[in-house]
A.B. asks: 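To start, I am sharing the structure in question, which I have written as structure tokens.
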Amino acid sequence: LIGIDPQEQKRIDTIIRGMDTSDSLSTVGANSALAVSMAVLKAGAYAAQMPLYSYVSKILRDEYAVVFPPNLVFPTPVIVALEEGKNNGNNLAINEFTIIPIGISDIREKIRAGSEITHQLRNLLIAKGLNTATGLNGGFIPNLESDQTAIDLITEAITLAKYKPGEDVRIGLNINMPDYFVGFSG
């Protein structure tokens with residue numbers, strides 16, 4: 001790899017992959033291959049004088065022909081708002097309910113939106129006499145009656161923070177499928 005321009009990501013990844021004839025990168029080692037590829041990616045971003053997230057988007061578009069929707073904006077933080085109950089003693093089946101400020105372009109404003117919505121959610125929980133303790137991932141762990149109740153609370157918090165649900169901010173779900181479909185047969 002010495003002497004190869006770090007901005008030739010696809011070529012370098014192909015060389016790394018070609019060094020290992022196994023199906024699972026067990027000769028070179030998948031972790032080693034990934035570490036080298038990531039180091040090259042960071043070096044390429046530095047050489048291009050671009051933030052890493054922009055450079056990744058450029059590489060995917062230019063070298064791998066990935067087509068992004070025109071409204072896709074990088075980076076987009078995913079903020080854990082509420083956490084499930086299996087480990088926290090509440091009734092939720094979904095592991096995490098997240099706030100995704102997809103319709104806001106500036107990273108600072110995305111983080112601000114997440115903070116404002118989380119603050120409104122905390123106020124709603126307090127007003128309803130619900131627990132505002134947080135779980136391991138930073139989301140609130142109130143004892144809610146259903147997953148739909150969680151979604152409704154987050155939607156209300158988004159609106160109270162003066163954002164448009166589904167447009168400025170979306171709700172994401174982290175679902176552990178085996179836990180969610182316990183007893184499902186078909």
Side-chain angles (χ1 to χ4, degrees), residues 1-88 92-115 117-118 134-141 147 154 168-182 184:
L1 300 180
I2 294 173
I4 300 174
D5 183 346
Q7 293 182 43
E8 294 185 54
Q9 184 74 40
K10 188 173 185 178
R11 178 179 172 208
I12 292 170
D13 285 345
T14 301
I15 291 169
I16 294 169
R17 185 65 183 102
M19 296 169 67
D20 191 324
T21 57
S22 70
D23 289 337
S24 61
L25 286 171
S26 60
T27 305
V28 170
N31 288 337
S32 298
L34 179 61
V36 171
S37 181
M38 290 296 297
V40 168
L41 188 66
K42 288 181 180 181
Y46 181 79
Q49 299 181 340
M50 294 175 72
L52 183 60
Y53 68 90
S54 295
Y55 186 71
V56 168
S57 178
K58 177 186 179 309
I59 292 294
L60 290 173
R61 184 184 60 246
D62 296 349
E63 294 191 28
Y64 292 90
V66 173
V67 178
F68 294 105
N71 62 344
L72 186 64
V73 180
F74 287 107
T76 297
V78 177
I79 300 113
V80 178
L82 295 170
E83 295 184 35
E84 56 93 7
K86 186 172 84 170
N87 300 320
N88 299 315
L92 303 178
I94 294 174
N95 292 21
E96 295 172 341
F97 298 81
T98 60
I99 299 165
I100 309 171
I102 197 80
I104 301 168
S105 59
D106 182 75
I107 184 65
R108 290 175 193 88
E109 294 305 314
K110 289 174 185 268
I111 293 169
R112 177 192 310 270
S115 176
I117 294 164
T118 302
T134 56
L136 294 175
N137 294 317
F140 296 113
I141 52 172
D147 293 329
I154 296 170
D168 297 325
V169 181
R170 294 187 182 165
I171 298 172
L173 306 175
N174 178 358
I175 301 170
N176 183 354
M177 296 311 284
D179 289 345
Y180 196 74
F181 287 107
V182 171
F184 178 76

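Residue indices begin at 1 and follow the sequence shown.
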A.B. asks: Rounded to the nearest 0.5 Å, how far does CD1 of Ile16 lie from CG of Leu1?
C.D. replies: 5.5 Å
A.B. asks: Ignoring hydrogens and geometry, is there a side-chain-to-backbone donor-acceptor pair from Asn137 to Gly139 under 3.5 Å?
C.D. replies: no
A.B. asks: Identify every side-chain donor-acceptor pair in residues 97-104 under 3.5 Å, counting partners at least two apart or on other chains, and give the distances.
C.D. replies:
from	atom 1	to	atom 2	distance (Å)
Thr98	OG1	Gly172	N	3.4
Thr98	OG1	Gly172	O	3.2

A.B. asks: Step by step, work out the side-chain contact (heavy atoms from CB on, under 4.5 Å) result for Thr134 and Val80.
C.D. replies: CA-CA 10 Å; Thr134 56; Val80 178; over 6 Å; no
A.B. asks: For Ala33 and Leu25, which heavy atoms make the closest approach, and how far apart are they?
C.D. replies: CB-CD1, 4.1 Å
A.B. asks: When you measure from the side chain of Thr14 to the backbone N and O of Lys10, does any donor-acceptor pair fall under 3.5 Å?
C.D. replies: yes
A.B. asks: Can you list the residues that meet the side-chain contact (heavy atoms from CB on, under 4.5 Å) rule with Val66, with sequence neighbours excluded?
C.D. replies: Leu60, Tyr64, Phe68
A.B. asks: Could you grab the distance from atom CG of Leu173 to atom CG of Leu82, nearest 0.5 Å is fine?
C.D. replies: 11.0 Å
A.B. asks: Could I get the full list of salt bridge (charged side-chain N to carboxylate O under 4.0 Å, His left out) partners for Arg112, not counting sequence neighbours?
C.D. replies: Glu109
A.B. asks: Would you please name every residue forming a side-chain contact (heavy atoms from CB on, under 4.5 Å) with Met50, sequence neighbours left out?
C.D. replies: Ala48, Ser54, Tyr55, Lys58
A.B. asks: Side chains of Ile107 and Pro77: does their closest heavy-atom pair fall under 4.5 Å?
C.D. replies: yes
A.B. asks: One pair to check against side-chain contact (heavy atoms from CB on, under 4.5 Å): Ile15 and Ile4. What are the steps and the verdict?
C.D. replies: CA-CA 11 Å; Ile15 291 169; Ile4 300 174; 3.5 Å; yes
A.B. asks: Just grab all the salt bridge (charged side-chain N to carboxylate O under 4.0 Å, His left out) pairs involving residues 11-34, residues at least two apart or on different chains.
C.D. replies: Glu8-Arg11
A.B. asks: Do side-chain atoms of Thr118 reach the backbone of Gly114 as a donor and acceptor pair under 3.5 angstrom?
C.D. replies: yes
A.B. asks: List for me each residue that meets side-chain contact (heavy atoms from CB on, under 4.5 Å) alongside Val40, sequence neighbours excluded, and say none if there are none.
C.D. replies: Pro6, Gln9, Ile12, Val36
A.B. asks: Please name the pair of heavy atoms, one in Gln7 and one in Ala47, separated by the smallest distance, quoted to 0.1 Å.
C.D. replies: NE2-CB, 3.3 Å
